[in-house]
Amino acid sequence: MMTTNFMLNRLGILLLLCVALQSCSVIKPIKENSNEAYQLVFEDQFDGTAYNTTYWTSLPQRENGSPWNRYVVEDADLAEVKDGKLHIRARWNEETNLPETGAIQTKDKFSFKYGKIEVRAKFNSAAQGGWPAIWLMPQNDVYAGWPNGGEIDIMERLNNDNFVHQVVHQSDGNAKHISKGKTPEIIPAEYNTYSIIKLPNRIEFYVNNNLTMVHEPTGDFEKRWPFETDYYIILNHASADKGQSGINFWPGLVTSTENFPLEMAIEYVKVWEFKD
């Protein structure tokens, strides 16, 4: 039979545990990060010999474009599907002494407002100046123009880093560009799973099912929240040049082309919506 003191001690421990759990709840995801909570609405496991044009299109080539799309070329070799993987590449053109980069998107073909997106990828070749990314842009801007319309970067890797960047961009509607990010560590040569859960007024970021960052409309982020709209998917492998353009590339300039072509291999892309 338990003594009164023993029972009181047990009760005190339970109360302390409850307080601790409540204080930690703010950093936990709102919904359990389990596929059982969702309904699959989009899946591409990259079977066959080419990417599925029902879902994807190549980004158009843009002369004098932004750093990430300045050297995009519509070429099957830069977005090759083989052995059940999508191989997004950046190669070096020895004649022009400039990079050529691959990029595909689901714009006007598939987008989602709320739910979970998961992409499994690894890096087969990397070098100074390389910049592969998995990210989302608004199908229809709530606020026109970048960064007003919002950008969600599920994964960006620079050069040979053993970590990735997860970043959100928006603005205050004036001249102030607001961004927020985390840099989780990875093993680049192995497949890692990058995902977000997009909720009303909340975006949760994950690497290998571990919550890394939560973005919500608080403080400066509350003034103009652009994320309550559909977003489409972009998979690309950007590259800097050697300085010819005079552009400030985030990963820095290419110092050697020995490791080109650079390559990100993607095993699958999946999107779930919430079950009722």
Side-chain angles (χ1 to χ4, degrees), residues 57 59-72 88 101 103-117 119 129-159 161 163-184 194-207 212-241 245-252 271:
T57 57
L59 268 82
Q61 188 169 347
R62 299 181 184 178
E63 293 185 9
N64 302 319
S66 301
W68 76 270
N69 65 9
R70 186 178 182 89
Y71 297 114
V72 168
I88 292 282
T101 68
I104 61 173
Q105 62 183 355
T106 65
K107 187 177 183 180
D108 300 322
K109 291 178 176 285
F110 173 79
S111 61
F112 71 102
K113 186 175 183 180
Y114 301 125
K116 173 183 175 181
I117 177 171
V119 183
W131 182 10
I134 300 163
W135 51 303
L136 306 177
M137 287 292 287
Q139 179 65 46
N140 297 293
D141 292 347
V142 174
Y143 302 107
W146 187 91
N148 302 323
E151 174 182 324
I152 304 170
D153 299 317
I154 302 170
M155 187 289 302
E156 297 180 276
R157 186 192 183 206
L158 308 184
N159 308 319
D161 290 346
F163 57 88
V164 295
H165 298 271
Q166 295 181 298
V167 185
V168 184
H169 296 275
Q170 62 182 101
S171 79
D172 65 356
N174 297 309
K176 188 176 180 183
H177 173 195
I178 303 167
S179 63
K180 177 181 178 180
K182 286 287 184 180
T183 54
Y194 307 100
S195 57
I196 69 159
I197 296 177
K198 191 169 179 288
L199 299 155
N201 295 316
R202 182 176 170 103
I203 306 168
E204 300 172 359
F205 290 77
Y206 295 84
V207 173
T212 58
M213 179 175 75
V214 173
H215 184 56
E216 296 178 310
T218 57
D220 287 339
F221 299 108
E222 193 170 6
K223 297 173 183 175
R224 280 165 63 97
W225 181 255
F227 301 106
E228 307 307 308
T229 188
D230 276 30
Y231 273 68
Y232 65 90
I233 308 164
I234 304 172
L235 309 173
N236 77 289
H237 200 312
S239 173
D241 55 32
S245 64
I247 287 179
N248 181 24
F249 292 92
W250 186 21
V271 180

Novice: Ignoring hydrogens, what is the shortest heavy-atom contact between G149 and P226? Give both atom names and the distance.
Specialist: O-CB, 3.5 Å

Novice: Is any side-chain heavy atom of Y143 closer than 4.5 Å to a side-chain heavy atom of R224?
Specialist: yes

Novice: Keeping T229 on the side-chain end and V142 on the backbone end, is there a donor-acceptor pair under 3.5 Å?
Specialist: no

Novice: Using every non-hydrogen atom in the two residues, find where P184 and V207 come nearest and quote the distance to one decimal.
Specialist: CG-CG2, 3.8 Å

Novice: Tell me, do N201 and E228 make a side-chain contact under 4.5 Å, heavy atoms counted?
Specialist: yes

Novice: List the atom of Y71, the atom of F249, and the distance in Å for their closest heavy-atom pair.
Specialist: CE1-CZ, 4.0 Å

Novice: Are more than 12 heavy atoms, taken from residues, nucleotides or ligands other than K109, located less than 6.0 Å from that residue's NZ atom?
Specialist: yes

Novice: Roughly how far, to the nearest 0.5 Å, is the NZ atom of K113 from the OH atom of Y231?
Specialist: 11.5 Å

Novice: Is the side chain of E156 donor-acceptor paired with the backbone N or O of P132 at a distance under 3.5 Å, no angle test?
Specialist: no

Novice: For a 4.5 angstrom cut-off between non-hydrogen side-chain atoms, does H237 reach T101?
Specialist: no

Novice: Please check if any side-chain donor atom of E222 sits under 3.5 Å from a side-chain acceptor atom of W225, or the reverse.
Specialist: no

Novice: Roughly how far, to the nearest 0.5 Å, is the CZ atom of F221 from the CG atom of D172?
Specialist: 11.0 Å

Novice: Between P138 and G150, which heavy-atom pair has the shortest distance, and what is it?
Specialist: CD-O, 3.2 Å

Novice: First locate atom CD1 of I234, then atom CD1 of I88, and finally report the distance between them rounded to the nearest 0.5 Å.
Specialist: 11.5 Å

Novice: Please examine the side chains of T183 and D161, heavy atoms only from C-beta on, and report whether any two atoms are closer than 4.5 Å.
Specialist: no

Novice: Please determine, by modelled atom types, if D108 and Q139 share a side-chain donor-acceptor pair under 3.5 angstrom.
Specialist: yes

Novice: Please confirm whether the backbone N or O of V214 pairs with a side-chain atom of K180, one donor and one acceptor, at under 3.5 Å?
Specialist: yes

Novice: Determine yes or no for a side-chain-to-main-chain donor-acceptor pair under 3.5 angstrom, with S245 supplying the side chain and I247 the backbone.
Specialist: yes

Novice: Please say which of R202, K198, Q170, E204 ends up in a side chain to side chain contact (heavy atoms under 4.5 Å, CB included) with H215.
Specialist: Q170

Novice: Using a 3.5 Å distance criterion without hydrogens, assess whether the side chain of N69 forms a donor-acceptor pair with backbone atoms of G65.
Specialist: no

Novice: With a 4.5 Å limit on heavy-atom distance, are the side chains of F112 and D230 in contact?
Specialist: no

Novice: If you define the side chain from C-beta out and look only at heavy atoms, does anything of D153 sit under 4.5 Å from V168?
Specialist: no

Novice: Does any donor atom in the side chain of N236 or W135 lie under 3.5 Å from an acceptor atom in the other side chain?
Specialist: yes

Novice: Show the numbers, then the answer: is there a side chain to side chain contact (heavy atoms under 4.5 Å, CB included) between K116 and Y206?
Specialist: CA-CA 10 Å; K116 173 183 175 181; Y206 295 84; over 6 Å; no

Novice: Using modelled atom types only, decide if a donor and an acceptor are shared between the side chain of S171 and the backbone of P147 within a distance under 3.5 Å.
Specialist: no

Novice: For the residue pair W68 and W131, establish whether any side-chain heavy-atom pair is separated by less than 4.5 Å.
Specialist: yes

Novice: Roughly how far, to the nearest 0.5 Å, is CD1 of I233 from CD1 of I154?
Specialist: 7.0 Å

Novice: Fit a plane to each ring of H165 and W250, take the angle between them on a 0 to 90° scale, and name the class: parallel (under 30°), tilted (30 to 60°) or perpendicular (over 60°).
Specialist: tilted

Novice: How many angstroms lie between CG in L136 and OG in S111, if you round to the nearest 0.5 Å?
Specialist: 10.5 Å

Novice: Could you check whether any side-chain N or O of T212 sits under 3.5 Å from a backbone N or O of F205, counting only pairs where one atom can act as donor and the other as acceptor?
Specialist: yes

Novice: Say you draw a straight line from CD of E216 to CG of L199; how long is it, rounded to the nearest 0.5 Å?
Specialist: 9.0 Å

Novice: Would you call K176 and D220 a salt bridge, taking side-chain N to carboxylate O under 4.0 Å as the test?
Specialist: yes

Novice: State whether a side-chain donor-acceptor pair under 3.5 Å links Y194 with Q166.
Specialist: no

Novice: Any side-chain heavy atom of P200 sitting closer than 4.5 Å to one from Y114?
Specialist: yes

Novice: The test is side chain to side chain contact (heavy atoms under 4.5 Å, CB included); show your working for I152 and I203 and say whether it passes.
Specialist: CA-CA 9 Å; I152 304 170; I203 306 168; 3.8 Å; yes

Novice: Does P251 offer a backbone N or O that forms a donor-acceptor pair with the side chain of N159 under 3.5 Å?
Specialist: yes

Novice: What pair of heavy atoms forms the shortest contact from A240 to G252, and how long is it?
Specialist: CB-O, 3.0 Å

